[in-house]
Amino acid sequence: MARIGFIGLGIMGSPMAANLVKAGHQVRGYDHHEENMAKLEAAGGTAAGSVAEAVRGAEVVATMLPDSPQVSEAVLGPGGVFDTLSGDGMARGVLYIDFSTISPVVSRELARAGADVGVHVLDAPVSGGETGAIEGKLSIMVGGDTAAFDAAQPVLQAVGTTLALVGLHGAGQVVKAANQLVVGGIYGLICEAIVLMEASGVDAKAGLDVLAGGLAGSRILELKRASMLARQFKPGFRLDLHHKDMG
Ligand code: NAD
């Protein structure tokens, strides 16, 4: 069981941190928003006052932040993860796992900067949404070296069920981009199918039910068709983040 510093406790990070606590890890977390830290404390973790305070003395550091600029600032910036760990002389051998969806170019920069101070870095973006994060059943696509992937197993297995090392640093982010193309594309097509059926006076619910059982069937059709038909727009994933991924 590890001492984990967890940065970014939003829709995904909050339940992931809670599952790490459940698995027996000591989790010290930091997020810009107070209410997210309260959730971590309620789950049995410890709230820190800054990135530096969250990662000091950690064996594993995890980030679950919106995009490349936030990850770069939290990890490479002054008072950030690498600065803090190397300033304390505690960087060597630490494992840093970035669960955020960011640019593969930035993932490779993080890996190089980590290697300079002795930190092993993995890019490990996830798929499965808020439900997958709550249930600890995420799919995780990992880029990095095999030794770090093996060392990360106790952490990855606490938050995910489908874990794959897909290549070197940045490869996880490339696979995640492919994932988002498929997810975004299917959402768009289901919307078109609903519009077509409704505009033609066809029962769209019966139509989608039969589509779900045929070759057009998909996990998105299975899980989301009812809320799409009902025009429920409560976000589990912010639209600007999906736009970022398509970019
Ligand atoms: P979110 O906006 O709910 O959470 C991000 C959190 O990071 C926020 O709570 C914010 O306060 C915090 N934050 C931002 N900058 C910070 C900093 N410098 N230091 C500390 N905290 C900071 O987003 P999310 O939905 O949890 O997504 C996180 C990442 O996971 C994104 O890259 C997203 O693309 C990816 N993702 C999301 C989903 C989903 O369904 N929500 C699924 C898979 C992957």
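Just so you know, ligand 1 is whichever comes first in the structure, and atom 1 is the first atom listed for that ligand.
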Which is it for [X] and ligand 1 at heavy atoms under 4.0 Å: side chain, backbone, both or neither?
X: Ser127; result: neither
X: Arg238; result: side chain
X: Asp67; result: neither

Legend entry - Hydrophobic cluster membership, Val183 vs Ile190, 4.5 Å side-chain cutoff: yes

Inset, instruction - Consider only side-chain heavy atoms of I, L, V, M, F, W and Y, link residues closer than 4.5 Å, and tell whether Val175 and Val126 are in one cluster. - result: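 Different clusters.
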
What I want to know is whether [X] and ligand 1 share at least one N or O pair that is separated by under 3.5 angstrom.
X: His33; answer: yes
X: Leu9; answer: no
X: Lys176; answer: no
X: Val51; answer: no

Can you tell me the protein heavy atom closest to [atom] and the distance?
atom: atom 18 (N) of ligand 1; answer: His32 NE2, 3.4 Å
atom: atom 4 (O) of ligand 1; answer: Gly10 CA, 3.3 Å
atom: atom 30 (O) of ligand 1; answer: Met64 CE, 3.1 Å
atom: atom 43 (C) of ligand 1; answer: Val126 O, 3.3 Å
atom: atom 41 (N) of ligand 1; answer: Gly236 O, 3.0 Å
atom: atom 27 (O) of ligand 1; answer: Leu241 CD1, 3.8 Å
atom: atom 42 (C) of ligand 1; answer: Met12 CE, 3.5 Å

Legend entry - Interfacing atoms of ligand 1 (cut-off 4.0 Å, heavy-atom, Tyr30): 19 (N), 20 (C)

Inset, instruction - Within a distance under 4.0 Å of any heavy atom of Lys244, pick out the atoms of ligand 1 and give their elements. - result: 31 (C), 32 (O), 33 (C), 34 (O)

Inset, instruction - Could you point out which residue of Leu189, Leu223, Leu211, Ile186 forms a side chain to side chain contact (heavy atoms under 4.5 Å, CB included) with Ser218? - result: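 Filter result, single survivor: Ile186.
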
Inset, instruction - From the options Val71, Ile7, Asp67, select the one residue that forms a side chain to side chain contact (heavy atoms under 4.5 Å, CB included) with Ser100. - result: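 Passing option: Val71.
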
Inset, instruction - Run the salt-bridge test on Arg56 and Asp88 with the 4.0 Å N-O cut-off and return the result as yes or no. - result: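 Answer for the salt bridge query: yes.
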
Inset, instruction - Would you mind finding which of Ile11, Thr101, Asp31 brings a heavy atom closest to atom 6 (C) of ligand 1? - result: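 It is Asp31 that holds the nearest heavy atom.
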
Legend entry - Option whose closest heavy atom lies nearest to atom 22 (C) of ligand 1, chosen from Asn36, Leu138, Leu65: Leu65

Legend entry - CD/Glu34: more than 12 non-hydrogen atoms of other groups inside 6.0 Å: no

Inset, instruction - Let me see the working for Arg231 and Ile194 under side-chain contact (heavy atoms from CB on, under 4.5 Å), right down to the final yes or no. - result: CA-CA 11 Å; Arg231 306 310 199 258; Ile194 292 172; 3.9 Å; yes

Legend entry - Intermediate values then yes/no, side-chain contact (heavy atoms from CB on, under 4.5 Å), Ile4 and Arg28: CA-CA 6 Å; Ile4 302 174; Arg28 186 184 287 269; over 6 Å; no

Inset, instruction - Check for a donor-acceptor pair, side chain of Asp123 on one end and backbone N or O of Gly172 on the other, with a separation under 3.5 Å. - result: yes

Inset, instruction - Would you please indicate if the ring centroids of His120 and Tyr96 are separated by under 6.0 Å? - result: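 Distance test on ring centres: not under 6.0 Å, no.
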
Inset, instruction - Taking atom types as modelled, find out whether Asp98 and Thr63 have a side-chain donor-acceptor pair closer than 3.5 angstrom. - result: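 Yes, side-chain donor-acceptor contact under 3.5 Å.
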
